[in-house]
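Scope of the values below: all heavy atoms of this structure, side chains included, with no hydrogens, waters or symmetry mates.
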Amino acid sequence: MNKDPNRYWWMSLVLVVVCTGGFYYFERTMFPASNGLVGCIVGLALGGALAALLEDYFDQNPR
């Protein structure tokens, strides 16, 4: 019986949320006068790219 290929679906979501929150926190810490919008956008883009790489890794290396 094969394992479910989508068993780590939540890892992509966690990766995007952590990247977005991290860049938001970084921007708010380094530039207190800013509202953190740029950090959210950059974190969302980077998190999405890393999530795509993670999904590709899972697709290429089944267990």
So which pairs with a foot in residues 32-50 pass side chain to side chain donor-acceptor pair (under 3.5 Å), sequence neighbours left out?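 Sorted result for residues 32-50: E27-S34.
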Pairs flagged by side chain to side chain donor-acceptor pair (under 3.5 Å) wherever residues 36-47 is involved - sequence neighbours left out: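 Sorted pair list comes back empty.
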Please list every donor-acceptor pair under 3.5 Å in which a side-chain atom of residues 49-56 meets a protein atom from a residue at least two apart or in another chain.
from : atom 1 : to  : atom 2 : distance (Å)
E55  : OE2    : S12 : OG     : 2.8

Pairs under 3.5 angstrom only: tabulate donor-acceptor contacts from the side chains of residues 13-22 to other protein residues two or more places apart or in another chain.
from : atom 1 : to  : atom 2 : distance (Å)
T20  : OG1    : V16 : O      : 2.8
T20  : OG1    : L44 : N      : 3.4

If two hydrophobic side chains count as joined below 4.5 Å and joins carry through other members, does F26 share a cluster with L46?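 Per the 4.5 Å side-chain linkage, F26 and L46 are not co-clustered.
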Are F58 and W10 in one and the same hydrophobic cluster, where Ile, Leu, Val, Met, Phe, Trp and Tyr link if side-chain heavy atoms are under 4.5 Å apart?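 The answer is yes; both residues are in one hydrophobic cluster.
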Using every non-hydrogen atom in the two residues, find where Y24 and C40 come nearest and quote the distance to one decimal.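 Closest pair (atom of Y24, atom of C40, distance): CD1-SG, 3.6 Å.
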Mind checking who shares a hydrophobic cluster with L37, ILVMFWY linked at side-chain heavy-atom distances under 4.5 Å?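 Its cluster mates, by chain and number, are I41.
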Under the side chain to side chain contact (heavy atoms under 4.5 Å, CB included) test, residues paired with Y25 that sit two or more places apart: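 By the side chain to side chain contact (heavy atoms under 4.5 Å, CB included) rule, Y25 matches T29.
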